[in-house]
Amino acid sequence: MKLAKTYTPNDYEPSIYALWEQSGAFAPSGQGEPFSMVMPPPNANANLHIGHALDMNLKDILARYYRMRGRDVALIPGADHAGFETWVVYEKHLQKEGKSRFDFTREQLYSQVWKFVEDRRGDMELQLRALGTSASWDDLVFTLDKKVIDTVYGTFKQLWDDGLIYRGERIVNYCTVHQTSFADIEVEHQTEKSKIWQIAYPTLDSIGEIVVATTRPETMLGDTAVAVHPDDERYKKLIGTRVQLPLTGREVPIIADEYVDREFGTGAVKITPAHDPNDYAMAERHDLEIRNIIDHEGKLVNVPTHYEGLDIKAARKKVLAALKAEEALRGEADIEHAVGHCYKCGSVIEPLMMQQWFIKVQPLAEAAIARLEAGEIEFQPASKAKEVINYLGQLKDWNISRQIPWGIPIPAFVNVNDPTDWIYDTRVDEATIVVDGTTYKREEDTFDTWFSSGQWPYIVTDALDQGKLSRFFPSDFMETGSDLLRQWVSRMIMLSVYRTGQVPFRTVYMHGMVNDEHNQKMSKSKGNVINPMDVVTEYGSDALRMGIIAGRSPAQSQAFNTGAVVAGRNFCNKLWNMARFIEGTVGTYQHTPKPEPRTLADHWIIRQLNRARTTIDDHLEGYRYAEAAEAMYHAVWDDVADWYLEANKADPSNDMLVYVLDTCLKLTHPFAPFVTETIWQTLSWHEDINDLLISATWPTDVDYNDIAAAEFSRLKQLVSETRFVAGDLPGNDRYTMLYMDDTLVHDNRQLIAHLARLKSVEKVDQARGLRLASSGRDAWLDISDETLYEHQSNLEQRLADVRASITQLQGRLDNDSYVNKAPEKLVAETRQQLSDNQALEQRLVRELDVLS
RNA sequence: GGGUGAUUAGCUCAUUUGGCUAGAGCGCGUCAUUGACGUUGACGAGGUGAGAGGUUCGAAUCCUCUAUCGCCCACCA
C-alpha cells in the first residue's frame, strides 16, 4: 500500500502547498466568469490569530469551490503597514534601545520601520500558506506600495478639488502618550467611578454665587463661560451677567443653552471649549473665547505660573486644594461616567484643539447610503445593512491626519509666510519646495490607515486605470470581522462610490468573533489566546479549517471548539483510510470511466452523491458554510464509508470505487484541501503531473435508476432493523435470517448477510423465529422460542410506540382545519404515515399473537 | 441611556422565509472486531427549545412581557 495507516498532516501539508503554488493554480485562470475577493490585509508586523484562520478559511472555501466550478477566481492578498498599530510596536522597540522618535528624522524613522516590517512580513505570509490559503500571491499588494500611494493621493486630490478637504483647528481625541490624534471610532469609552465636585463661582453683577458641578476641576483654568438652561427658574435672572473665576480671577459670562440638563449636578455647567467636545460645540454656538490650557504632552500651559507644566493629575490636586483654601468648594460626590481611553495604551484621551485634516463626509455618506438603500450590496447577515446605513447617516467629519511618521505622508505644503496658504503637492520627500517663487514647507502628518485601507478594493484590482485585474472590480465577496463593519466596510463603500461611482463589492459577509473554549473573549492579558499555528501542528490545517466553521453562522460570536477540530482530524483520517482501502483494492488503474451502476448499491450511492453535491451547492451559494460542510461530511462518512464500501465488498466494482473516491475528494476539497490533494496525488489514475485536484472540475450529476436506489434504501432499513434487534437479544450469536417469497431479500442475500453480520440468509417454506416487522419484509431472525419469549417485552414496547403515533396522526387528520388549511402535500404525507403505522401495528400484533 | 444579538442534549453549536419523530460534533453507556480505518464499527441513552402569555390547523421559529448573559454605540458636565 502506498499510504500509511494514519494520516499525519504535517508530513504532507508543506509540500502540497508548494505543489499548488508552483503549478500556478492560485493565479486567476483568465477563463470563465470572474469571482473575486480581496483579503483584508493582516498586519504585516504581527502573527496571525485564530480570527484570521476563520477569516481566511471563509474566503478560501469559496475560492476553491468556485475555481472548481470553472470561475475565474482571484483571491487577492494584502499586507497592511497598519500605521498606528505598527508604530506602537516599533516605538516600544525603540524604547527598549533607550531611544525615542525625536532622535530621528521622519525619513530615518520611515526607513527603519520599513525594515522592521519587512523582517516580519514573511511570517504572516507563511502562516497564511500553512492555513492553505489559495491566494494569488503574485498580485499581493502592500499598503505602502507605490500604486497604493498614487491612488490615495489621487483620491485626496479629488476631494481637495471638490472642496471636501479642509484643515482646521478642531477639538480632537488626543493620546498624550502616543502624541497623536484619533478618529472618534478609535476611542474606547469605559465606565469609570470618579468624583464630581461642586465649585462656587462668585457673581459679579449681584451679591451671590453660582455653583457648577464638574468631574474635571483643573479645566476651570480654561473656562470661558458658565452655561445654564434658558428656562431654569433658579438661574434665569443671572443669564447675561458675569462671574469671576476663582483662582484666576478672570471674568466670564453666564450663557443660556438648551444642551444643559437641569436635573444633572447643579444645573450649571462650566464651559471649557478647548478641552471638551460639548463645550467646544457650545463655544461655536455662542462665539466664546477658546483657551488652550493643556499641551500635547498633557501638561498645563497658559495658566498662572504655579500651575504651569503640571500634569493633569497633579493639577487637579492642586486646584482642589486651592479651591478648598478659598472656600469655593461646595461638595463632592461619587459618580460613574464614561471616559474615553486610548485603545492601545489605555491612557485617558484628552480632547485638545489641534490643526488637523478633515474630510467633509456628508456628501460621501449620502451617496453611499443611496446605493445601500437601493440594495446594491447584499449583507450576510442582512441586518448589517441597516447598521451601516445608520452609522453613515450620523457620521461626523473624519479626521484623517495622524501625528506619526509611519504611514503615507499627507501631500500638502504650507506657505512659510502664510499659515493659511496650503497647496497640494506630492513631493513629500522634500522638506520644502518652491512654487512660483514662494517657499512651502511640507505637512509632517500622515494619513489615518483607514483612509488608504478604505480604498482597497479598487486599488488592488487596478480598477481606476483598467489594469490587468480590473475585471475583478467590484469584487464579488467581501468577508471580514463584524468589528470592522464601521471602520472599514462603511468607508470602503463611501470612498468607492465617490471615487469609482460603483459599490466596491456585491456581497458583504461578516463573521463573528472566535472566543475561547469557555466563550470568553480572547485577550493577551487573560492569557487565553489560541494560536492557530499550534492547532495546525497538533491536528493539521484541514482539521482546524473544518473545526472552525462547524456550526458557525454569520456575525455570531462563538467559542472555539476543540471537539469540532478533533472531529475534523478524524474525518481526514477516515477519508485517508477510505482511499487506502480503495487504492489497495483497485491497484493500478489508468482511466476514470463514466460510472456504470450495476448493483442496487451503485445506483443508490450515485443518488446520494448527486444529492450531496446539490445540497453543498445550495448552501455555499447562500454562504452557509457549516451546513455545506456537514452535508459533505455525512455523504462521505455515512453513505460512502459506512454503507457503500461495505456493499461494494460484497459485489466489487473498481469503476465504481474510483468514481466514488474521486467524487468524495472533490466534494471535500474546498473544506479540507490538503488531505484531499495529498490522496489525489497518490492515486495511479491521477499520475499525470498536471493533474491537480485544486484544478479539477466540480462533480456533475451522474445517471442512475431511481427504483434501484430506492430498493437499496429498503435493504438498508432491513439491515438496520436486524442490527437493532440482534443487538437487543442476549448473547453475541450470529443469527440466520429466514425469508419466504421475498425477491429483494432473495436477490441480495449475500449483501444482507455481510452488512448485517449474519451467519446466512436462507429461504424457508415455513417461517419461524422473530419477524423483522418494521422494515416490512417477509423476513425473520431464526431464534429459539426461549429467546423469542424474552424479546416479547421489546415487541410490546414497540407496539405501544406505534399506537401512540397512530393516535397522534389520526388526531391530526380528524382536525378539519388541518386537512383544509395545511398544504395538500403535508396532509398526504400524514395519511401515508398513518397507513404505514397501521400496517406495522398489525404485523406487531400478529407477532405477539404467535408468541402467546 | 440607545441599539443589537443570544438563551435549544453534560459541553460547543445548528435547525434559510412557521410544517415529517428538533439535528451535529465532542462527551457518555452497551457491545463488537484479526487486515481500509481504535483518529474504528454497530447499537443506544440524553431535550416540557430560559420563563409567562398571545396569534395560528400547526410555534424553537411570529407578537407581548419577564429574567439572565454578551456585543456595539453614546458628549450628560
Side-chain angles (χ1 to χ4, degrees), chain A residues 1 3 5-7 184-185 189 196 212-216 219 227 259-261 263-266 268-272 276-281 335 337-338 340 351 381 383 386-387 390-391 394 482-483 485-486 512-513 515 517-519 521 539 543 546-547 550-553 555-585 618-619 622 624 626-627 630 633-634 641-642 645-646 649 720 723-728 732 756-757 801 805 808-809 812 815-823 825-826 829-830 832-833:
Chain A
M1 280 202 189
L3 303 181
K5 199 167 175 180
T6 307
Y7 175 56
D184 290 343
I185 202 163
H189 287 91
I196 182 162
V212 299
T214 181
T215 53
R216 299 203 56 186
T219 61
Y259 158 77
V260 178
D261 179 354
E263 309 299 317
F264 191 89
T266 60
V269 192
K270 57 189 274 313
I271 302 300
T272 321
D276 184 287
N278 297 310
D279 293 7
Y280 178 77
I335 188 176
H337 66 150
S383 60
K386 218 172 69 188
E387 206 178 315
N390 288 344
Y391 175 68
Q394 47 99 64
S482 47
D483 52 331
L485 184 70
R486 289 153 194 252
M513 299 296 102
N515 291 336
E517 292 208 68
H518 308 289
N519 226 340
K521 211 170 168 174
Y539 300 101
M546 290 185 68
R552 196 173 279 274
S553 44
Q556 200 62 51
S557 290
Q558 195 189 312
F560 180 81
N561 185 356
T562 304
V565 176
V566 168
R569 181 204 54 183
N570 294 355
F571 176 81
C572 291
N573 191 246
K574 186 71 185 180
L575 194 62
W576 181 260
N577 276 287
M578 285 164 58
R580 228 177 130 231
F581 165 69
I582 291 172
E583 197 261 325
T585 307
D618 277 354
H619 286 314
R624 292 180 298 273
E627 289 90 334
E630 202 173 305
Y633 180 100
H634 290 293
D642 289 346
L645 292 189
E646 291 309 314
K649 283 175 187 170
S720 290
R723 288 166 173 172
F724 172 72
V725 169
D728 238 22
N732 280 323
R757 296 187 47 75
D801 291 346
S805 119
Q808 202 197 4
L809 293 165
R812 209 182 291 174
N815 182 340
D816 287 343
S817 301
Y818 174 72
V819 177
N820 295 330
K821 290 187 186 173
K825 198 180 154 197
L826 197 67
E829 265 175 34
T830 309
Q832 182 61 47
Q833 282 165 11

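Every chain is numbered from 1, with letters handed out A, B, ... down the list of sequences.
Judged by distance alone, with hydrogens and angles left aside, A:E646 brings a side-chain donor or acceptor within reach of the base of B:A36, the pair sitting under 3.5 Å.
Closest to the side chain of A:D261, out of B:C76, B:U4, B:C37, is B:C76. For A:K521, the listed nucleotide lying nearest its side chain is B:C72; candidates were B:C72, B:G25, B:U39. Comparing B:U12, B:G25, B:A42 by their nearest atom to the side chain of A:Q558 picks out B:U12. Of the listed nucleotides (B:C57, B:A77, B:A42), B:A42 has the atom at the smallest distance from the side chain of A:R723. For A:R580, taking side-chain heavy atoms from C-beta onward, the closest of the listed nucleotides B:C57, B:A36, B:C20 is B:A36. Minimum atom distance to the side chain of A:R812 is reached by B:U21, of the listed B:C57, B:U21, B:U40. In the set B:C72, B:C37, B:A14, the nucleotide with an atom closest to the side chain of A:N573 is B:C37. For A:S817, whose side chain is taken as the heavy atoms from C-beta onward, the closest listed nucleotide among B:C73, B:A14, B:C57 is B:C57.
For A:K574 and B:G41, the shortest distance from a side-chain N or O to OP1 or OP2 is below 4.0 Å. For A:H619, no side-chain nitrogen or oxygen approaches OP1 or OP2 of B:U16 to under 4.0 Å. For the OP1/OP2 pair of B:A6 and a distance below 4.0 Å, the side-chain nitrogens and oxygens of A:N519 include no atom meeting the criterion. Phosphate proximity of B:C71 to A:S557: absent, as no side-chain N or O sits under 4.0 Å from OP1 or OP2. The side chain of A:N561 places no N or O atom within less than 4.0 Å of a non-bridging phosphate oxygen (OP1 or OP2) of B:C26.
Going from the P atom of B:G54 to that of B:G70 covers 32 Å, rounded to whole Å. If you take atom C1' in B:A60 and the same atom in B:U8, they sit 7 Å apart, rounded to whole Å. The C1' atoms of B:A77 and B:G3 are separated by 24 Å, rounded to the nearest whole Å. Spacing of P atoms, B:U17 relative to B:A6, comes out at 14 Å, to the nearest Å. Separating the C1' atom of B:A14 from that of B:G47 is a span of 14 Å, rounded to the nearest Å. Nucleotides B:A59 and B:G10 place their C1' atoms 27 Å apart, quoted to the nearest Å. Comparing B:C73 with B:U12, their C1' atoms are spaced 29 Å from each other, to the whole Å. Using P as the reference atom, B:C71 and B:U39 are 38 Å apart when rounded to the nearest Å.
Pairing partner, B:G10: B:C26, with both Watson-Crick or wobble hydrogen-bond distances short of 3.5 Å. Base pairing annotation: B:A45 forms no Watson-Crick or G-U wobble pair, as no partner gives both donor-acceptor distances under 3.5 Å. Judged by Watson-Crick or G-U wobble contacts below 3.5 Å, the nucleotide B:C76 has no partner. In this structure, B:A60 forms no base pair with any nucleotide, since neither Watson-Crick nor G-U wobble geometry is met with both distances under 3.5 Å. Across the strands present, B:U39 finds no partner; the criterion is a Watson-Crick or G-U wobble pair with both atom distances under 3.5 angstrom. Across all strands shown, B:C69 forms a Watson-Crick or G-U wobble pair with B:G5, both key distances being under 3.5 Å. Of the nucleotides present, none pairs with B:U17 by Watson-Crick or G-U wobble criteria with both distances under 3.5 Å.
Contacts of A:V566 with the nucleic acid, taken as non-hydrogen atoms under 4.0 Å apart, are absent. A:N815 comes within 4.0 angstrom of the backbone, heavy atoms only, and of no base. Within the 4.0 angstrom heavy-atom criterion, only backbone atoms of the sugar-phosphate kind lie near A:A559; the bases stay farther away. Using a 4.0 Å heavy-atom criterion, one finds that A:K5 contacts the sugar-phosphate atoms exclusively. When heavy atoms are screened at a 4.0 angstrom cut-off, A:A641 is found touching base atoms of the nucleic acid. Looking at heavy-atom distances under 4.0 Å, A:P823 makes contact with a base. Using a 4.0 Å heavy-atom distance criterion, A:R569 is classed as a base contact. Contact annotation for A:S482: no contact, since no heavy-atom pair falls under 4.0 Å across all strands. At the heavy-atom level, A:Y259 lies under 4.0 Å from base atoms of the strands shown. Contact annotation for A:K649: base contact, defined as any heavy-atom pair under 4.0 Å involving a base atom. Residue contacts for A:R216: at a heavy-atom cut-off of 4.0 Å it reaches no nucleic acid atom on any strand shown. If you check every strand for non-hydrogen atoms under 4.0 Å, A:F724 touches sugar and phosphate atoms only. Among the heavy atoms of the strands lying under 4.0 Å from A:E627 are primed sugar atoms or P, OP1, OP2 only; no base atom is included. Counting non-hydrogen atoms under 4.0 angstrom, A:D816 reaches nothing in the nucleic acid.
The closest side-chain donor-acceptor pair between A:N519 and A:N515 falls under 3.5 angstrom. Between the side chains of A:K270 and A:T219, a donor-acceptor pair is found at a separation under 3.5 Å. For the residue pair A:R812 / A:N815, no side-chain donor-acceptor distance below 3.5 Å is found, with atom types taken as modelled.
One atom, NZ of A:K821, and another, P of B:C57, lie 4 Å apart when rounded to the nearest Å. Straight-line distance from the CZ atom of A:F560 to the P atom of B:G25: 18 Å, rounded to whole Å. Rounded to an integer number of Å, the gap from A:I196 CD1 to B:A77 P is 7 Å. Between A:Y818 atom OH and B:G58 atom P the separation is 12 Å, expressed in whole Å. Distance, A:Y391 OH to B:U4 P: 18 Å, rounded to whole Å. We find that CE of A:M578 is positioned 14 Å from P of B:A36, with the value rounded to whole Å. As a whole-Å value, the separation of A:E517 CD from B:C26 P is 15 Å. The distance between atom CD of A:E387 and atom P of B:G3, rounded to the nearest whole Å, is 13 Å.
Residues A:T562 and A:Y539 are in side-chain contact: their nearest non-hydrogen atoms beyond the backbone lie under 4.5 Å apart. In this structure, A:M546 and A:V565 have side chains that are not in contact, with every pair of non-hydrogen atoms separated by 4.5 Å or more.
Considering CH2 of A:W576 and CG of A:N570, their distance stands at 15.5 Å, rounded to 0.5 Å.
A:K386 forms no cation-pi arrangement with A:Y391, by the criterion of a distance under 6.0 Å to the ring centre and an angle within 45° of the ring axis.
Each of A:T266 and A:L809 lies near RNA chain B, and the nucleotide nearest A:L809 is the one positioned closer to the 5' end. Checking A:E630 against A:G551, the closest nucleotide of RNA chain B that is more toward the 5' end is the one next to A:G551.
For the pair A:Y633 and A:A567, the tightest heavy-atom approach, listed with the atom from each and the gap, is CE1-O, 4.3 Å.
A salt bridge is defined here as a Lys NZ or Arg NE, NH1 or NH2 lying under 4.0 Å from an Asp or Glu carboxylate O, and A:E646 with A:K649 meets this definition.
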Original post:
So A:Y818 and A:T830, side chain to side chain donor-acceptor pair (under 3.5 Å) or not? Walk me through it.
Top reply: CA-CA 11 Å; A:Y818 174 72; A:T830 309; 3.0 Å; yes
